[in-house]
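Contents: one structure, followed by commentary.
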Amino acid sequence: MQRIGVFVCHCGTNIAGTVDVKAVAEALGREPSVVTSVDYQYMCSESGQNLIKDAIRDYKLTGVVVCSCSPRMHENTFRKAAAAAGLNPYMVEIANIREQCSWIHKDVAEATEKAIILGRAAIAKVQLNAPLVAGESPVIKRALVIGGGIAGIQTALDIADAGFEVDIVEKQPTIGGKMTQLDKTFPTLDCAACILTPKMVECAQNELINIYSYSEVDAVSGFVGNFSVKIRKKARYVDETKCTGCGLCTEKCPQKKVPNEFNLGMDNRRAVYIPFAQAVPKVATIDADYCTMLKTGKCGVCSKVCTAGAINYKQTDEIVERQYGAIVVATGFNPIKVDKYDEYAYGQSKDVITSLEFERLTNAAGPTSGKLLRPSDGKHPHKIVFIQCVGSRCTPEKGKSYCSKICCMYTAKHAMLTREKYPDTEVYVFYIDVRTPGKNFDEFYRRATEEYGVHYIKGMVGKVSPKADGTLEVQASDLIMNEQLRIDADLVVLAAAIEPDKSARPLATMLTASMDTNDFFTEAHPKLRPVESPTAGIFLSGACQGPKDIPETVSQAGAAAAKVIGLLAKNKLTCNPCVAHSDELLCNGCSQCANVCPYGAITYIEKEFVMPDRSKKIRRVASVNPAVCQGCGACTVTCPSGAMDLHGFSNRQIMAEVDAICK
Amino acid sequence: MENKTGMKEQILRMSGAAVQKCMRCGKCSGTCPSYDEMEYHPHEFVYMVEKGDVEKLLKSESVYKCLTCFACVERCPRGVEPAKVIEAVRLEAIREQGRNHLKPDQIPELLDEETPGQLLMMALRKYAK
C-alpha cells in the first residue's frame, strides 16, 4: 500500500483564479492511499518545495502527486525535491491543472471538477509507480560538424579551442561556404575574404580539427554521446596527401569549357580545378563529369604535368566510419531559383542577375576582376534596378512565406558600393518594406540614400521587358507618388529569397532531427534552446535553422559550440529511465516494434529459453537499447502480443489513469 | 456605415478575393497595362475595398478601364487577386444602376459544371440584351 501526498498549487491566480484549489485538496485528500493533501500559493518556490520535502519525511510518503503546471515546466523541479528528501524521483507525478484546466476554462465549478478528476488520475497512476534508476552512458569526446561554411568553421574553432577533437564534413572541395563568394560584408564593409580566409587557415592548422572536404555524411547511428557516422569521401582523383596545390594541372588541362560554379556559371574553369586561390585544403579536384581521361580514357595531361604524382584516375569513393559524442548541423542556405518568375525575365536576359551573381561581378576574384560589367556585352551599366523580396514573403504557391532577412542589407550594400565606385550610375531600389533591425544596420541603409543618393522607391516591379536595343524596360509602381514608372535599365538585380540547402532534408532523416515545413531545422525551444535540436546530441549552427546574416551566424555558431563543449566535458550521461522494455516470454519475434521505432533502439536477438518441459529452445526476441530509446511509446502500441511496455508509463498505469477519469 | 459594410461583404463574396492578405507591395499596380487610364489603381481597389470605402470606386470610371487581363492576379505574391475585386466592384456599379440585363432566372440554363463563376459574372454584364 502506497502512502501518497497531494500538493495543489495556486500558481498565484493562474490556477486559483479559475479552480477552487482548497476544494481540490480536500477532495483528493479523501482518495485511497492519500495521507496528506494540502494547497500552497507557489509550489515551485523554495518554501513550496520544502513543504513537499517535509511531508515526505513526516508522513513517510512513498508517492507524491503535484497538481500544478505542465510537467514540461516543473516536473524536474519536483523530482529533485523528492530526491532530496530521500524519495525515488520517479515516484512523483504531475497533474496538469494549469495548461490543461485553469487556462482553458472559465467556469469555476466545472474547472474545479476537472482538476479533481485530473488529480485523481495522477493518484491512480502513482499507486502503480515503481522506483526507477537512471542508467549511465559514456561520452565520446569528439564532435562532428556537418558543413564547412562560416557557421561550421566558427563552431569547429570554438570546440577545438576548448580542447576537443572536431571533424568538419564539407561536400565542396573547399571549406568556406557562401561567404567565400561575397565581396564586402555589411554594415562595416570589410572584405569577406580578408576576415574569412584566416579562419579557414586556422581550421587547417589546428591539430584538433580534421577536415573531410569533398565528403558527405552517408549514415548516422547511435545516440547522444555515442554517435557512429559513415562519411563518404568522394573520389577527387587526386591524392590529397601528395597534392601541393601548385595549380599546374589546372592550367594545362585541355578541357576548358566547364561552367565555373564558384562564379555561378558566369565563366568557365578546367575539368581539374581548385575552386579559388585561398581554398582550404588547397588540393586539386577532377570533375568526373567533364574529364576526358575519365570519360574516354584518352588524355592524361594533368597526370603528366603533376610533379608530385598526385593524380590517380583509379581513385574510388572511400567510406570512413567515425564515432562522435555530438553532431552540429551547419548545412547553410542557397538562393532560390528565380527562373519561375517570368515577369522578371531572368531566363530571357543575361542582364537580369541575382544578388549573389552581382557579388561575383563586383569581386576582384570574380569573372570580371571586380569591374561591374553587363554580362551580355561587357559594357558599364549606367542605370541599375534592384528588386527586393523576389520569392520572399509570398504565398506557398508563389515562393517562400518567410522574410529572407539578409536581402535589405545586402541590397543597400550593393547600391552604396555601386554609387561609390561608379558615381555616374543611377541606382534604383524597389522595396516593400526596408527591414534593418541590427546594430548599425538602419544607419547603414540611411547612408545609402542620404550620402550616396540611391533612389529608394516604395513599390514593386511588375514586369521587366528586354528591349531590342539591349536595355531592360522595368515597369513598376511608386506607391508614394501613386504613379507607374517605366525605367530603361542596363542591369536588373534580383534579391532572391534564400532556402535551406537541399542536403538538409535527407540529413534530418538520418539524424532523426525535426524540420519545419520550409526545411529549416527546428530548435528544441524557439526562445530558450535556440541552438539545440529536440533530438539529444544534435546542435544547430547558422542558416540551417533560419535565415541569418554573418554576425548572427557567428554568434549562433559560438553558442552551439558552447553547448557541445558542455556535453563533451561530461564523462558520463544520465539516461532517461522511462524507456521501453520487452517481456521476452510474451514476445513473438514479429519485428513490428523494430519497424516503427524512430530511433533504431530495438534489435532482435536469438536467446535460449528453458521450456516448461525443461527442454531448451532458441527464440527470436526483441531487445531494447535503453541508451538509444527515447521513451516515445510507439512500440508499446504496435506490439500485438503486449510484450512491449514502457517504464514509468506502463499500459497498466495508463489504463488506471483512464479508469480514474471515467469513474 | 452598415450599408457600406454590407456592400464590402457583397463585393468580397462576389469576387472570392482575399483582400486581407495584401501586404501593400504594389506589384499589381506595377504590372497593370491600363494603369495610366485609371483614377484608382489596382492596389487602391484592394485597399479601399478592405477599408469598406467603396462609394468612390463605384462612381469612378476606373472600373471600366480594367482589361480583366489578370496580370495582377497572376503576379500577386500574396494571392490577393485584385482583378477579381475590380470585376466585383464593376458588377456592383452596374447593379446599382439597375442595368442588370440578364435576369437571375435565366442563369440556371447557362450553367454547366465547367463554367467558372467569374465568367458568369462577366456574361451578366457584357452579353445580355
Side-chain angles (χ1 to χ4, degrees), chain A residues 336 338 340-346 385 387-404 407-408 428-435 456-465 472-487 489 492 494-497, chain B residues 12 15-51 53 56-57 59-63 65-86 89 116:
Chain A
I336 60 161
V338 288
K340 73 166 185 173
Y341 303 102
D342 284 342
E343 64 268 33
Y344 297 134
Y346 179 76
V385 168
I387 307 176
Q388 303 234 268
C389 299
V390 175
S392 297
R393 311 170 64 189
C394 294
T395 53
E397 304 79 50
K398 290 278 177 180
K400 305 292 175 188
S401 55
Y402 48 86
C403 163
S404 296
C407 326
C408 284
Y428 297 87
V429 177
F430 284 93
Y431 68 95
I432 307 173
D433 304 285
V434 179
R435 296 179 168 176
Y456 267 79
I457 300 170
K458 180 165 171 63
M460 202 50 176
V461 171
K463 200 177 173 191
V464 177
S465 323
L472 300 155
E473 191 194 65
V474 178
Q475 185 187 328
S477 66
D478 181 333
L479 290 175
I480 309 272
M481 289 297 288
N482 204 8
E483 65 181 9
Q484 195 177 60
L485 303 174
R486 280 167 201 264
I487 298 171
V492 170
L494 309 178
Chain B
L12 290 181
S15 65
V19 287
Q20 75 283 3
K21 282 192 192 167
C22 175
M23 63 167 167
R24 328 265 182 248
C25 72
K27 194 168 179 176
C28 46
S29 290
T31 203
C32 180
S34 315
Y35 186 95
D36 291 336
E37 308 288 318
M38 295 169 105
E39 179 190 1
Y40 296 107
H41 306 108
H43 73 277
E44 290 169 281
F45 269 89
V46 172
Y47 187 55
M48 288 163 80
V49 168
E50 191 187 348
K51 281 202 305 179
D53 199 358
K56 282 182 216 148
L57 297 177
K59 288 188 191 119
S60 168
E61 283 289 303
S62 301
V63 287
K65 301 295 181 189
C66 169
L67 302 172
T68 326
C69 73
F70 275 51
C72 51
V73 174
E74 179 61 29
R75 289 171 191 160
C76 172
R78 310 279 323 154
V80 175
E81 307 183 306
K84 293 193 183 176
V85 176
I86 302 173
V89 176

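Every chain is numbered from 1 and lettered A, B, ... according to where its sequence line falls, protein lines coming before strand lines.
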Taking everything shown except A:Y402 itself, do over 12 heavy atoms lie less than 6.0 Å from its OH?
-> yes
Got more than 12 heavy atoms from elsewhere within 6.0 Å of NZ, A:K340?
-> yes
Nearest 0.5 Å, what's the CZ-NZ distance between B:R78 and A:K398?
-> 12.0 Å
Using atom types as modelled and distance alone, determine if a side-chain donor or acceptor of A:S477 lies under 3.5 Å from a backbone N or O of B:G26.
-> yes
Say you draw a straight line from CE of B:M38 to CD of A:Q484; how long is it, rounded to the nearest 0.5 Å?
-> 10.5 Å
Measuring heavy-atom distances to chain A, does B:C76 have an atom under 4.5 Å in its side chain, in its backbone, in both, or in neither?
-> backbone
Dump the intermediate steps for side-chain contact (heavy atoms from CB on, under 4.5 Å) on A:N482 and B:H43, then the final yes or no.
-> CA-CA 10 Å; A:N482 204 8; B:H43 73 277; 3.4 Å; yes
Search all heavy atoms of B:G79 against all heavy atoms of A:T395 and return the closest pair with its distance.
-> N-CG2, 3.8 Å
Chi angles and distances behind the side-chain contact (heavy atoms from CB on, under 4.5 Å) call for B:K27, A:E343 = CA-CA 11 Å; B:K27 194 168 179 176; A:E343 64 268 33; 2.7 Å; yes
Engaged part of A:D433 at the chain B interface, taking heavy atoms whose separation is under 4.5 Å | neither
More than 12 foreign heavy atoms under 6.0 Å from CD of B:E74: is that the case here?
-> no
A:K463, NZ atom: more than 12 neighbouring heavy atoms under 6.0 Å | no
dist A:M460:CE -> B:C28:SG (nearest 0.5 Å) comes out at 11.0 Å
